[in-house]
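Residues take their numbers from the sequence shown, with the count starting at 1.
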Amino acid sequence: MAGVNKVIILGNMAKDPELKEIPGGTALCEFTLVTSRKNKAGEEIASWHRLKAFSKKAELIHQYVKKGQQLYVEGELQYGQYEKDGITRYTTDIVVWDLNFINSGGGKSEGKKKRF
């Protein structure tokens, strides 16, 4: 039986996305979305989510997405690990399948929608 690995997230861009090239010439765009919720005491709790996109989607995100924009993203979880200073570190990333602008960012909502 096959499983399902799907994530839907609505959050704000923490900073401008970063674009780089990985071996083989494929574009990789990495960025962070912040989501928030309130705990039982009414305090706001922020969560930071690492996202990445590849190829043409990566280039489009780097070109059009900026810090402060609110985004709706669908994708899948990807787990990894690496070693640094003799310590194994674990990562969780969201690989982007689909992305929509909710607003234009910077506090100005222009009703602009762009889908990748």
[atom1]-[atom2] distance between [X] and [Y], expressed to the nearest 0.5 angstrom:
X: Glu21; Y: Leu28; atom1: CD; atom2: CG; value: 10.5 Å
X: Lys67; Y: Thr32; atom1: NZ; atom2: OG1; value: 11.5 Å
X: Ile8; Y: Trp97; atom1: CD1; atom2: CH2; value: 9.0 Å
X: Lys20; Y: Lys52; atom1: NZ; atom2: NZ; value: 9.0 Å
X: Asn12; Y: Ser36; atom1: CG; atom2: OG; value: 7.5 Å
X: Thr88; Y: Glu83; atom1: OG1; atom2: CD; value: 4.5 Å

For [X] against [Y], the heavy-atom pair lying closest together:
X: Ala58; Y: Ala27; result: CB-O, 3.8 Å
X: Pro17; Y: Cys29; result: CB-SG, 3.5 Å
X: Gly11; Y: Thr35; result: CA-CG2, 4.1 Å
X: Lys57; Y: Asp98; result: NZ-N, 4.3 Å
X: Gly75; Y: Ile94; result: CA-CG2, 4.3 Å
X: Phe101; Y: Tyr64; result: CZ-O, 3.4 Å

In sequence, state the C-alpha distance, the side-chain angles, and the governing distance for Lys84 and Tyr82, and then conclude on side-chain contact (heavy atoms from CB on, under 4.5 Å). CA-CA 7 Å; Lys84 182 177 181 181; Tyr82 63 95; 4.1 Å; yes

Is the shortest side-chain heavy-atom distance between [X] and [Y] below 4.5 Å?
X: His62; Y: Glu59; result: no
X: Thr91; Y: Gln81; result: no
X: Met13; Y: Leu33; result: yes

Check the hydrophobic clustering (I, L, V, M, F, W, Y; side-chain heavy atoms under 4.5 Å; chains of links allowed) and say if [X] and [Y] are grouped together.
X: Ile9; Y: Ile61; value: yes
X: Phe31; Y: Leu19; value: no
X: Val95; Y: Ile22; value: yes

Could [X] and [Y] be called an ion pair, given the rule that one side-chain N must be under 4.0 Å from one carboxylate O?
X: Glu18; Y: Lys15; value: yes
X: Lys6; Y: Glu74; value: yes
X: Asp16; Y: Lys66; value: no

Go through the steps for Ile102 and Leu10 under the test side-chain contact (heavy atoms from CB on, under 4.5 Å), then give the verdict. CA-CA 9 Å; Ile102 301 302; Leu10 175 67; 3.5 Å; yes

Verify, without hydrogens or angle tests, whether Asn5 (side chain) and Leu77 (backbone) share a donor-acceptor contact under 3.5 angstrom. yes

Examine distances only and state if a side-chain atom of Asp85 and a backbone atom of Ile87 form a donor-acceptor pair shorter than 3.5 Å. no

